[in-house]
Amino acid sequence: MTLSIIIPTFQEAGSVGATVDAARGLGPGVEIIVVDGGSSDGTAETARGHGARVLRADERGRAPQMNLGAAAARGDVLLFLHADTLLPPDAADSIAAILSEPAVAGGCFRLRFDDDHPVLRMSSALNRFSFRLFHYGDCAYFVRNSTFREMGGFHAMPLLEDLDFWLRLNRTHRVVVSRSSVLTSARRFRDVGVVRQQALATLIVLLYVFGVGAPRLARLYHRFTRFRTREVA
């Protein structure tokens with residue numbers, strides 16, 4: 001198995017170095033591609049300095065940036081990683097064990113936050129279950145490259161491109177949730193307020209499942225977070 005890790009970034013100079021270092025710790029055969037959306041804070045330079053291959057995206061947004069990285073990747077397995085999320089040391093071994101079963105097309109990791117708030121602990125606990133609505137992009141999706149291409153990659157959406165991909169993958173393929181956990185930053189929860197952010201995220205997911213379009217949901221999300229958070233990819 002050859003693994004390519006794709007990290008979309010925008011203004012992530014403070015986080016991307018540690019993320020790339022953790023990915024490099026998986027072994028010398030792992031390809032790490034950072035796809036930057038035009039950061040002005042030195043994100044690309046930081047990522048390059050830590051050993052990642054850096055691409056510049058003409059179109060900013062997680063979906064187009066991840067698709068660009070996937071198109072350039074050489075690995076037969078793709079892993080999509082947020083810039084503020086650290087992979088566990090056994091990530092490559094866990095993926096190899098899961099994908100040793102030919103019927104499995106991909107999966108994700110369990111999730112831990114760098115914050116001990118009770119709501120975040122509960123969210124992490126739910127990640128242990130295989131129910132597909134409990135796993136989002138910060139869980140670090142991985143998928144066979146051939147499957148990703150057959151699916152047409154991530155759809156261009158202003159919000160929930162990760163959940164859209166995960167639901168499509170679940171509908172047509174077998175996926176497995178690793179017993180290992182990634183560690184992700186709770187900065188968005190701290191910026192917005194843990195309870196407020198969790199409630200808003202839950203509402204948006206439920207509205208999406210019941211047919212509300214991503215553009216309307218993006219406007220709703222922006223309305224309730226724009227004065228509390230910085231812009232991210």
Would you call [X] and [Y] a side-chain contact if the rule is heavy atoms closer than 4.5 Å?
| X | Y | value |
| --- | --- | --- |
| Asn145 | Val77 | no |
| His173 | Thr147 | yes |
| Tyr208 | Asp164 | yes |
| Leu81 | Thr19 | yes |
| Asp138 | Asp84 | no |
| Phe109 | Ser181 | no |
| Leu207 | Leu220 | yes |

Answer yes or no: is there a donor N or O on one side and an acceptor on the other, between the side chain of [X] and the main chain of [Y], under 3.5 Å?
| X | Y | value |
| --- | --- | --- |
| Tyr221 | Leu200 | no |
| Arg168 | Gly153 | yes |
| Asn170 | Trp166 | yes |
| Thr43 | Ser39 | no |
| Asp76 | Met1 | no |
| Ser4 | Gly75 | yes |
| Gln197 | Gly193 | no |
| Asp115 | Ala186 | no |
| Gln65 | Arg60 | no |

Worksheet, complete the sentence: Here the ring pair (Phe, Tyr, Trp, His ring centres under 6.0 Å) pairs for residues 55-90, sequence neighbours left out, are Phe80-Phe148, Phe80-Phe154
Please report the closest heavy-atom contact between [X] and [Y], naming both atoms and the distance.
| X | Y | value |
| --- | --- | --- |
| Ala140 | Leu79 | CB-CD2, 4.1 Å |
| Asp41 | Ala13 | OD2-N, 3.2 Å |
| Leu78 | Ala73 | CD2-CB, 3.6 Å |
| Ala72 | Leu55 | CB-CD1, 3.7 Å |

Under a 4.5 Å side-chain heavy-atom rule over Ile, Leu, Val, Met, Phe, Trp and Tyr, are [X] and [Y] clustered together?
| X | Y | result |
| --- | --- | --- |
| Leu217 | Leu206 | no |
| Tyr136 | Phe189 | no |
| Leu111 | Leu120 | yes |
| Leu3 | Val175 | no |
| Val212 | Leu203 | yes |

Would you list the atom pairs, donor with acceptor, under 3.5 Å between side chains in residues 91-108 and any protein atom, with sequence neighbours excluded?
| from | atom 1 | to | atom 2 | distance (Å) |
| --- | --- | --- | --- | --- |
| Ser94 | OG | Ser178 | OG | 2.6 |
| Ser100 | OG | Ala97 | O | 2.6 |
| Glu101 | OE2 | Ala103 | N | 3.4 |

Item to complete: Any chance you could measure Arg190, atom CZ, to Arg187, atom CZ, to the nearest 0.5 Å?
Response: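 The CZ atom of Arg190 sits 9.5 Å away from the CZ atom of Arg187.
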Fill in: Interatomic spacing from CG in Asn67 to CD in Glu59 - rounded to 0.5 Å
9.5 Å
Worksheet item: With Phe165, which of Met157, Met66, Met151 fulfils side-chain contact (heavy atoms from CB on, under 4.5 Å)?
Response: Met151
Worksheet item: By side-chain contact (heavy atoms from CB on, under 4.5 Å), which residues pair with Ala52, not counting sequence neighbours?
Response: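 For Ala52 the side-chain contact (heavy atoms from CB on, under 4.5 Å) partners, ignoring immediate neighbours, are Val20, Ile32, Val34, Ala47.
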Discussion item. I'd like to know whether Gln11 forms a side-chain hydrogen bond (donor to acceptor under 3.5 Å, both in side chains) with Ser40, so could you lay out the CA-CA distance, the side-chain angles of the two residues, the decisive distance to 0.1 Å, and finally the verdict.
Written reply: CA-CA 7 Å; Gln11 309 293 54; Ser40 59; 3.1 Å; yes
Fill in: Pairs flagged by salt bridge (Lys or Arg N to Asp or Glu O under 4.0 Å) wherever residues 24-38 is involved - sequence neighbours left out
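Of all non-adjacent pairs touching residues 24-38, those that pass salt bridge (Lys or Arg N to Asp or Glu O under 4.0 Å) are Glu31-Arg53, Glu31-Arg74.
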Discussion item. Does anything in residues 172-184 form a salt bridge (Lys or Arg N to Asp or Glu O under 4.0 Å)? List the pairs, not counting sequence neighbours.
Written reply: none
Discussion item. For the residue pair Arg121 and Phe113, would you count it as a cation-pi contact if the rule is NZ or CZ under 6.0 angstrom from the ring centre and within 45 degrees of the ring axis?
Written reply: no
Practice prompt. Can you sort out the partners of Ser180 under side chain to side chain donor-acceptor pair (under 3.5 Å), two or more places apart, ordered by chain and number?
Written response: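 Scan of Ser180 (side chain to side chain donor-acceptor pair (under 3.5 Å), adjacent residues dropped) gives Asp90.
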